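Values below: every heavy atom of this structure, side chains too, minus hydrogens, waters and symmetry copies. Model, not experiment: these values are computed from the prediction.
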Amino acid sequence: VTKNMEIVFNLLGVTGTPKTNLERPASFMMSNLYCAINMLMAAQITKVKRYLYTSTYGVYAPTPLMKEEMVWKTFPSNHDKYAGWAKRIGELQVEAFKKEFNFKSLHIVRPANIYGPFANFDPTNSMVVSSLIKRFVDQEDPLIVWGDGSAIRDFVYSKDVAKSMIKVIEKNIQVPINIGSGSGTSIKKLVYTILNSKQIKYKPNILFDSSKPSGDAKRILDVKLAKSKGISCDTKLSDGISETIDW
């Protein structure tokens, strides 16, 4: 698949939730390992010049604000343990290949929670924004949300992420870089942002189940490095959600 390609953006990966991490850790981990290791090996064999690896903010330890230089001083959160370590191995592979093989440039991006058109909308294993949108569109009632709704996440629109990745290549940024909004939204606010979208006509009974796992309390990316390089993700959450529901 990499043959005769000058640039490869590796966006392969299996996304999941705390539930996926809990119930299918082997599948979650191994799929992400294969997606990382095989693609970069293929790119090296076929002499690709520029290569970008999509990591995740799941590589970070539990901390309210995630800074690029913190990764290798800590361990991934237990809530992201298996996929987090798989993605770290992918990053380490990029570092090793940079030292040994003749790529023109190798790049690593660490996006926040990506949402938008073309996402996985299966409520059983999709990310929280996609799962909630699908359940609202399907008029699920009552609508039960895992956790008490207080967990805070950094949500970033897929179009912003795509543009940012292209800029990372164009600007030749060869250090790992965070791609996110840099601001936090609680799960409860996310639920009501979707509920208040113009396309959602029904009002379900919303229940927050605090007996279910909800992941770490707060996960926000520090995006100072990205902004210093002229990279920003500025789509408002309500606008991005509205576009996603339309799609």
Side-chain angles (χ1 to χ4, degrees), residues 10-41 51-100 106-114 125-129 146-148 150-156 161 168 173-187 210-226:
N10 184 355
L11 288 91
L12 291 172
V14 176
T15 58
T17 62
K19 185 177 184 219
T20 312
N21 190 70
L22 193 67
E23 296 178 354
R24 296 192 295 110
S27 301
F28 202 17
M29 178 179 180
M30 297 311 297
S31 296
N32 281 294
L33 274 174
Y34 295 145
C35 290
I37 290 169
N38 290 337
M39 185 64 82
L40 183 50
M41 287 180 68
Y51 180 93
L52 182 143
Y53 174 60
T54 309
S55 186
T56 169
Y57 80 165
V59 298
Y60 288 103
T63 181
L65 189 63
M66 300 169 176
K67 301 180 180 182
E68 285 90 350
E69 65 272 14
M70 297 168 62
V71 165
W72 295 105
K73 300 173 184 176
T74 59
F75 297 110
S77 165
N78 280 335
H79 298 294
D80 284 310
K81 182 177 179 180
Y82 303 103
W85 273 109
K87 287 291 189 178
R88 279 198 184 194
I89 291 297
E91 290 196 19
L92 200 61
Q93 183 195 18
V94 168
E95 182 182 318
F97 275 49
K98 185 179 289 188
K99 290 180 177 180
E100 184 170 347
L106 290 169
H107 312 268
I108 296 170
V109 294
R110 297 174 183 151
N113 284 64
I114 305 173
N125 66 354
S126 60
M127 301 295 281
V128 62
V129 179
W146 279 33
D148 63 6
S150 65
I152 293 173
R153 296 292 179 267
D154 187 333
F155 298 109
V156 61
V161 176
V168 166
I173 301 167
Q174 295 195 57
V175 292
I177 188 166
N178 290 337
I179 304 295
S181 70
S183 60
T185 301
S186 72
I187 299 301
S210 57
S211 71
K212 300 293 187 183
S214 56
D216 297 324
K218 189 174 185 180
R219 297 174 70 83
I220 302 173
L221 285 178
D222 184 314
V223 294
K224 287 178 185 170
L225 176 60

Inset, instruction - May I ask you to check whether over 12 heavy atoms, not counting those of Lys98, lie within 6.0 Å of atom NZ? - result: yes
Inset, instruction - Keeping the roles fixed (side chain from Arg219, backbone from Asn113), state whether a donor-acceptor pair exists under 3.5 Å. - result: no
Legend entry - Sidechain-backbone polar pair: Arg110 side chain, Ser55 backbone, donor-acceptor under 3.5 Å: no
Inset, instruction - Taking atom CZ of Phe75 as the centre, report whether more than 12 heavy atoms of other residues, nucleotides or ligands fall under 6.0 Å from it. - result: no
Inset, instruction - Take Phe97 and Leu106 through the test side-chain contact (heavy atoms from CB on, under 4.5 Å) and record every step on the way to the result. - result: CA-CA 9 Å; Phe97 275 49; Leu106 290 169; 4.3 Å; yes
Legend entry - Any side-chain donor near an acceptor of the partner, Asn178 and Tyr57, under 3.5 Å: no
Inset, instruction - Tell me, with the steps shown, if Trp72 and Leu92 meet side-chain contact (heavy atoms from CB on, under 4.5 Å). - result: CA-CA 10 Å; Trp72 295 105; Leu92 200 61; 4.2 Å; yes
Legend entry - Side-chain donor or acceptor of Thr74 paired with backbone N/O of Val71 under 3.5 Å: yes
Inset, instruction - Decide if atom CE of Met70 counts as having more than 12 heavy atoms of other residues, nucleotides or ligands within a radius under 6.0 Å. - result: yes
Legend entry - Side-chain donor/acceptor of Asp154 to backbone N/O of Gly182, under 3.5 Å: yes
Legend entry - Heavy atoms from other residues, nucleotides or ligands near CD of Glu100 exceed 12 (cutoff 6.0 Å): no
Legend entry - Thr54 side-chain N/O to Asn10 backbone N/O, donor-acceptor pair under 3.5 Å: yes
